[in-house]
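Here's the structure, in C-alpha cells; my notes come after.
All figures in this text were calculated on a predicted structure; none of them were measured in a lab.
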Amino acid sequence: MSSPQIVTRFAPSPTGYLHIGGGRTALFNWLYARGRGGKFLLRIEDTDRERSTPEATAAILRGLTWLGLDWDGDVVSQFDRKDRHAEVAHQMLDRGTAYKCFSSKEEIDTFRAAEEAAGRYPLFLSPWRDADPSNHPDLPYVIRMKAPRHGETAIDDKVQGKVTFQNDQLDDMIVLRSDLTPTYMLAVVVDDHDMGVTHVIRGDDHLANAARQTMVYQAMGWDVPVWAHIPLIHGPDGKKLSKRHGALGVEEYQAMGYPAAGMRNYLTRLGWAKGDAEIFTSDEAKAMFDLDGIGRAPARLDFKKLEHTCGQHIAMAEDAALLAELLAYLAVAGKPALTDLQRDLMRKGMYCLKDRAKTFPELLEKAAFALVSRPIAPEPAAAAFLDSVSRGILQSLTLQLQSGTWDKANLEAILTQTATAAGIGFGKLASPLRAALAGRTATPSVYDMMLVLGRDETLARLGAA
RNA sequence: GGCCCGUUCGUCUAUCGGUUAGGACACCUGGUUUUCAACCAGGUAAGAGGGGUUCGACUCCCCUACGGGCUGCCA
C-alpha cells in the first residue's frame with residue numbers, strides 16, 4: 001500500500017510584500033512537498049477586505065517566483081470561497097456543533113473590559129449557547145462553534161512536540177460573522193480540508209490557533225492534518241523583525257543583488273539543519289529536508305553568512321544562467337542595462353569573475369575593467385603606476401603582443417619575457433599594465449583581463465595609456 | 001494578568017545519558033599570490049542560573065530569569 005500524496009500549502013494574507021519570514025515558510029512547504037513527490041499549493045487569504053490589496057498579491061507572487069518556489073494549480077482566493085465557508089458553518093449548525101449567538105459586539109466589548117478591569121481572564125461565554133431556537137430574537141447574529149467546555153485539546157506538532165491546551169481557556173469562537181463572511185479560523189480549516197492539505201507548516205504564531213482549528217476539524221468529522229509550527233525569524237539584534245531592520249521584503253533582497261539559489265540555501269539553513277550540511281543545491285535540499293530537522297528557537301538573520309552562501313552559489317552557477325540573473329537584477333535594481341558589447345564581455349569573463357563575488361553588485365565591481373569604455377580615466381592610485389619608465393616598458397610589451405596566439409600560455413611567456421628583458425620583477429610589470437587596462441588597482445589577473453578584452457582592445461588600451 | 005513555546009561559541013547549528021561538546025559564518029594568525037578578492041592551514045570562542053533524578057547529565061524533571069506567541073465579528 002502506498003502512502004497518500006503529501007500536500008502542503010503557503011497561505012499568506014495580501015496585506016503587504018512577501019517578507020523574509022513568509023518566504024522561508026513557503027520554502028519549507030515547497031521543499032517538503034517537492035522532496036516527496038507531493039503538491040505545493042498557494043492560497044491567498046484575502047478575507048479581510050479592508051486590508052487586502054491586489055498589489056500585495058502581485059508582490060507576493062513575484063517574490064515566490066523570484067525565489068523559484070513554483071506552486072501547483074491555480075492560486076486560490078479565500079474570499080472567492082466564502083459561500084462554501086458559510087455552507088460549512090451551517091452544516092455545523094445542523095450537526096449541533098455550532099449555534100447562533102445574538103450578543104452584540106458592544107455587549108461583548110463591555111463585558112471584556114469589565115472583566116479585564118477586575119483582573120479576570122476575559123473569557124466571553126455566550127448566553128445563547130444552549131438557548132432554545134424558538135426563543136431566538138429577530139436580530140443579527142454570528143455563528144459560534146460549540147467548543148468543549150471541559151477537558152483538553154492536544155495537538156501533536158512535528159516541531160513543538162505534543163502541546164495541550166485546557167478547553168476552559170478557550171471560548172466559543174465565531175466561525176461566521178454577522179455579515180455572513182467567515183472568520184479565519186473557519187476559512188483556514190475548510191480550505192485546507194477541501195484542498196486536501198495533509199501537512200500544515202506555518203509560523204508558530206499559529207500554534208494556539210491549531211488547537212481551536214482542531215476543534216473545527218472534529219466538529220466536522222474531518223481528518224486533522226499534520227502540524228509543524230516553525231519559529232519566527234528575528235532581526236540581527238534578536239528582536240522581532242520590524243521595519244527598522246530594513247530589507248524585509250523578499251524582493252528587496254533581489255534588488256540588493258543576492259542570487260535566488262543562495263537565498264534559498266541560506267533560508268533553508270536558517271532554523272533547519274541536517275548534520276553538517278551547509279552548501280547544497282535545491283535538489284539536494286529537497287532530498288534532505290525533513291520536519292525533525294527544524295529547530296524550536298527563533299533564528300536571527302545574519303547577513304554575513306547570507307553573503308557567504310550566495311558567494312558559493314555564484315561560484316557554482318552556470319555562466320549563462322548567472323548572466324541572465326544578473327540582467328534581471330539590473331532591471332529590478334533600477335540600474336542601467338548592459339549594452340550588447342558589455343553583455344558579450346560579461347559572458348566571456350564570467351569564468352574568472354564568478355568565484356570572486358558574493359553578490360551581483362560585487363560581480364559588477366569585479367567586472368568594471370570589462371564594462372568601462374575608452375578613454376579610461378585612471379584612478380589616482382592607478383595613475384601613479386603610469387610613469388614614463390613604465391610607459392616605455394608597456395610600449396615594448398605592446399610590440400610583443402602584436403602577433404602570436406592569444407591564449408594564457410603565450411601571454412604568460414610574453415609578459416615574463418618582457419619583465420626579464422626590462423630587468424624588473426613581474427609585479428613591476430603587472431601594476432602599470434593593470435592600470436592601463438582597467439584604470440584601477442584592484443582587478444582580476446592581468447591575463448584574464450587580456451583574455452576577456454581580446455587583442456584589439458588590449459592594444460588599444462595600452463596605446464591610450 | 002492567564003495559557004502556550006523557547007534558551008549550546010558573537011551568529012546559524014550538530015549532539016537524541018557517557019564526546020577533548022563537532023561543523024559553518026564572522027573574527028584573529030599564517031600560507032599562496034601580479035593587485036583586490038577568492039582559496040588553503042591554524043587559532044580564539046558555547047550548554048542562561050539554581051535545584052533535583054542518575055554510577056554519569058547539554059541531553060530527563062522542577063523552580064527562577066530572560067525572550068517570544070496567543071488571549072479579536074485580524075489573518
Study note, to complete from the structure: The salt bridge (Lys or Arg N to Asp or Glu O under 4.0 Å) partners of K274(A) (sequence neighbours excluded) come to D290(A)

Review point. If pairing requires Watson-Crick or G-U wobble contacts with both distances under 3.5 Å, which nucleotide is the partner of C66(B)?
Key: G6(B)

Check your understanding: Are any of the side-chain nitrogens in E116(A) or R112(A) under 4.0 Å away from the carboxylate oxygens of its partner?
Key -> no

**Study point:** With R296(A) via side-chain hydrogen bond (donor to acceptor under 3.5 Å, both in side chains) - residues at least two apart
**Key:** none

**Study point:** side-chain hydrogen bond (donor to acceptor under 3.5 Å, both in side chains) partners for Q395(A), two or more places apart
**Key:** none

Review point. Quick one: salt bridge (Lys or Arg N to Asp or Glu O under 4.0 Å) partners of D292(A), sequence neighbours excluded?
Key: none

Practice item. Scan for salt bridge (Lys or Arg N to Asp or Glu O under 4.0 Å) pairs involving residues 301-317 of chain A, sequence neighbours excluded, and state none if there are none. Key: E278(A)-K305(A)

Point to revise | From A75(B), C12(B), C73(B), nucleotide with atom closest to L270(A) side chain | key: C12(B)

Check your understanding: If we call it a pair only when both distances are under 3.5 Å in a Watson-Crick or G-U wobble match, what pairs with C39(B)?
Key -> G31(B)

Check your understanding: What residues in residues 102-117 of chain A put a non-hydrogen atom under 4.0 Å from any atom of RNA chain B?
Key -> S103(A), K105(A), R112(A)

Revision key, fill the gap. Closest to the side chain of Q169(A), out of G2(B), U35(B), G1(B), is G2(B)

Point to revise | Under 4.0 Å protein heavy-atom contacts per nucleotide of nucleotides 22-34 of chain B, with B for base, S for backbone only and - for none | key: BBBBS-------B

Study note, to complete from the structure: Residue pair V163(A)/E362(A) against RNA chain B: nearer the 5' end by closest nucleotide is V163(A)

Dump every N/O contact between nucleotides 42-50 of chain B and the protein below 3.5 Å, one line per pair.
none

Check your understanding: For every nucleotide of nucleotides 62-70 of chain B, 5' to 3': is a protein heavy atom under 4.0 Å from its base (B), only from its sugar-phosphate (S), or from neither (-)?
Key -> ------SSS

Practice item. Using both distances under 3.5 Å as the test, list the Watson-Crick or G-U wobble partner of A75(B), or none. Key: none

**Study point:** Residue pairs passing the side-chain hydrogen bond (donor to acceptor under 3.5 Å, both in side chains) test where at least one lies in residues 422-442 of chain A, sequence neighbours excluded
**Key:** E365(A)-R440(A), R434(A)-T443(A)

Point to revise | Under-4.0 Å salt bridge between D171(A) and R212(A) | key: yes

Review point. Which nucleotide in the set C12(B), A38(B), A75(B) lies at the smallest distance from any side-chain heavy atom of D355(A)?
Key: A38(B)

Review point. Who passes salt bridge (Lys or Arg N to Asp or Glu O under 4.0 Å) against D156(A), sequence neighbours left out?
Key: none

Revision key, fill the gap. Contacts of Y217(A) meeting side-chain hydrogen bond (donor to acceptor under 3.5 Å, both in side chains) (sequence neighbours excluded), chain-then-number -> none

Study note, to complete from the structure: Which of A75(B), U13(B), C73(B) is nearest the side chain of I174(A)? It is C73(B)

Exercise for review: Could you tell me whether D194(A) and R84(A) have a side-chain N and a carboxylate O separated by less than 4.0 Å?
Suggested key: yes

